Amino acid sequence: MMAVLETKSVSYSYIEGKPVLDQLDLSFEKGNMYVILGPSGCGKTTLLSLLGGLDVPSEGRILFEGKEIREIGLERYRHEDVSFVFQNYNLIDYMTPEENVALTTKQNPLPTLIQLGLTREEARRNVLKLSGGQQQRVAVARALASEALVILADEPTGNLDEATAQEITAILKSAAKEYQRCVIVVSHSSEVAKEADVVITLRNGRAE
């Protein structure tokens, strides 16, 4: 299967610092959930930002379906091809779950929210009146509803209790398998890593 997302000799350095990422060659396919592990400060979130077109490498190229993402246009790429799930949810707090998800899709958002465990009533409440687990479900629903091929999740279970974390992990894995998305999760959790199709460990700027 052809890779949907690739890094080719990607390095990233802060000014006058040693490389945070050093000559990374990685390949990601749809239908798989990838988990990126590594100690704090090893470049996990930096890598996710590069894969999402939020930042650009110091060296090397990032390809989406064989095309350099800078050629696609970073804004267009972020809008059409990738969606993000953040640890702090990043929902618009004066909106309901329905309204948040509607920002990423022309389809009715309610079926996706119900599939992820919210009731109709909860889908129409202000998001601040929901629990953390419910807010993270809304964030995942927004990513799924967008139809973006790549879902990038930065510590999506970090603020959640164990049971809810397991449910969110299962939903993300299901997104890879049932919806044929490419799901890439940054985590420090060995429990999340157990559910991955592929685990990538970052150490000293390199992937293991």
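Here the structure is a predicted model, which is why all the values come from computation and not from measurement.
- Taking CG of Leu152 as the start and OG1 of Thr45 as the end, the distance is 11.0 Å to the nearest 0.5 Å.
- In the hydrophobic cluster analysis, where Ile, Leu, Val, Met, Phe, Trp and Tyr join through side-chain heavy atoms closer than 4.5 angstrom, Leu5 is grouped apart from Val199.
- Other residues, nucleotides and ligands contribute only 12 or fewer heavy atoms inside 6.0 Å of the CZ atom of Arg76.
- Here the CD-CZ distance, from Glu71 to Arg61, works out to 8.5 Å after rounding to the nearest 0.5 Å.
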Throw together a table of side-chain donor-acceptor distances under 3.5 angstrom for residues 180-187, partners on residues two or more places apart or in other chains.
| unit_1 | atom_1 | unit_2 | atom_2 | d |
| --- | --- | --- | --- | --- |
| Gln180 | NE2 | Lys177 | O | 3.2 |
| Arg181 | NH1 | Leu144 | O | 3.4 |
| Arg181 | NH1 | Ala148 | O | 3.1 |
| Arg181 | NH2 | Leu144 | O | 2.8 |
| Ser187 | OG | Ser189 | N | 2.9 |

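- Between the side chain of Thr104 and the backbone N or O of Arg142 there is at least one donor-acceptor pair closer than 3.5 Å.
- Counting heavy atoms from C-beta on, the side chains of Leu51 and Val150 never come closer than 4.5 Å.
- Closest non-hydrogen pair, Ala145 versus Thr105, comes out as O-CB, 3.3 Å.
- Residue Glu195 comes nearest to Lys173 through the heavy atom pair O-NZ, 3.0 Å, listed as atom of the first residue, atom of the second, then distance.
- Heavy atoms from other residues, nucleotides or ligands lying under 6.0 Å from NZ of Lys8 number 12 at most.
- Between Arg78 and Glu75 there is no salt bridge, since no side-chain N of the basic residue sits under 4.0 Å from a carboxylate O of the acidic one.
- Residue Val101 is tested with Val140, Leu113, Leu116 for a side-chain contact (heavy atoms from CB on, under 4.5 Å); the sole match is Leu113.
- What you find for Ser13 and Pro19 is that their closest heavy atoms are OG-CA, 3.4 Å.
- In terms of modelled atom types and a separation under 3.5 Å, the side chain of Thr96 and the main chain of Glu99 share a donor-acceptor contact.
- Hydrophobic clustering of Ile, Leu, Val, Met, Phe, Trp and Tyr side chains at less than 4.5 Å, counting indirect connections, unites Tyr12 with Leu54.
- The shortest distance between side-chain heavy atoms of Thr169 and Glu191 does not fall below 4.5 Å.
- When every heavy atom of Leu63 is checked against every heavy atom of Ile69, the shortest pair comes out as C-CG2, 4.4 Å.
- For the atom pair Ile151 CD1 and Tyr179 OH, the distance stands at 9.5 Å (nearest 0.5 Å).
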When the side chains of residues 23-36 are checked against the rest of the protein, which donor-acceptor pairs come out under 3.5 Å, sequence neighbours left out?
| unit_1 | atom_1 | unit_2 | atom_2 | d |
| --- | --- | --- | --- | --- |
| Gln23 | NE2 | Ser11 | OG | 3.3 |
| Gln23 | NE2 | Glu59 | OE1 | 3.3 |
| Asp25 | OD1 | Ser9 | N | 2.8 |
| Asn32 | ND2 | Tyr34 | OH | 3.3 |
| Tyr34 | OH | Glu29 | N | 2.7 |

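- At least one donor-acceptor pair under 3.5 Å links the side chain of Asn159 to the backbone N or O of Gln87.
- Under a hydrophobic clustering in which Ile, Leu, Val, Met, Phe, Trp and Tyr are joined whenever their side-chain heavy atoms come within less than 4.5 Å, directly or via other members, Tyr14 and Val10 fall into the same cluster.
- Put simply, OG1 on Thr164 and CG on Asp161 are 3.5 Å apart, with the number rounded to the nearest 0.5 Å.
- Linking ILVMFWY residues whenever their side-chain heavy atoms come closer than 4.5 Å, directly or via other members, leaves Val85 and Leu48 in distinct clusters.
- The distance from atom CZ of Phe64 to atom CG of Asp81, rounded to the nearest 0.5 Å, is 4.0 Å.
- Leu21 and Gly43 get closest at one heavy-atom pair: CD2-O, 3.8 Å.
- Put simply, the side chain of Asn204 never gets that close to the backbone of Arg206: no donor and acceptor are under 3.5 Å apart.
- The side-chain heavy atoms of Ile72 and Glu80, taken from C-beta on, include no pair separated by under 4.5 Å.
- A salt bridge is defined here as a Lys NZ or Arg NE, NH1 or NH2 lying under 4.0 Å from an Asp or Glu carboxylate O, and Lys44 with Glu155 fails to meet this definition.
- In the hydrophobic clustering of this structure, Met95 does not group with Leu110; members are Ile, Leu, Val, Met, Phe, Trp, Tyr whose side-chain heavy atoms approach within less than 4.5 Å, directly or through other members.
- Taking 4.5 Å as the limit, some side-chain heavy atom of Leu50 sits within range of a side-chain heavy atom of Asp55.
- Nearest approach of Val82 to Gly52, heavy atoms of both residues: CG2-O, 3.9 Å.
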Which atom pairs, one a donor and one an acceptor, fall under 3.5 Å between side chains of residues 123-136 and the rest of the protein, sequence neighbours left out?
| unit_1 | atom_1 | unit_2 | atom_2 | d |
| --- | --- | --- | --- | --- |
| Arg124 | NE | Glu98 | OE1 | 3.0 |
| Arg125 | NH2 | Glu121 | OE2 | 3.2 |
| Asn126 | OD1 | Leu128 | N | 2.7 |
| Asn126 | ND2 | Asp93 | O | 3.0 |
| Ser131 | OG | Gln134 | N | 3.1 |
| Ser131 | OG | Gln134 | OE1 | 3.3 |
| Gln134 | OE1 | Ser131 | N | 2.8 |
| Gln134 | NE2 | Glu122 | OE2 | 2.9 |
| Gln135 | NE2 | Val127 | O | 3.4 |
| Gln135 | NE2 | Leu130 | O | 3.2 |
| Gln136 | NE2 | Phe86 | O | 3.2 |
| Gln136 | NE2 | Pro156 | O | 2.6 |

- prompt: Hey, mind stepping through Leu172 and Val192 against side chain to side chain contact (heavy atoms under 4.5 Å, CB included) and telling me if it holds?
  reply: CA-CA 10 Å; Leu172 288 168; Val192 174; over 6 Å; no
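- In this structure, the separation between CG on Asn100 and CG on Leu91 is 4.5 Å, given to the nearest 0.5 Å.
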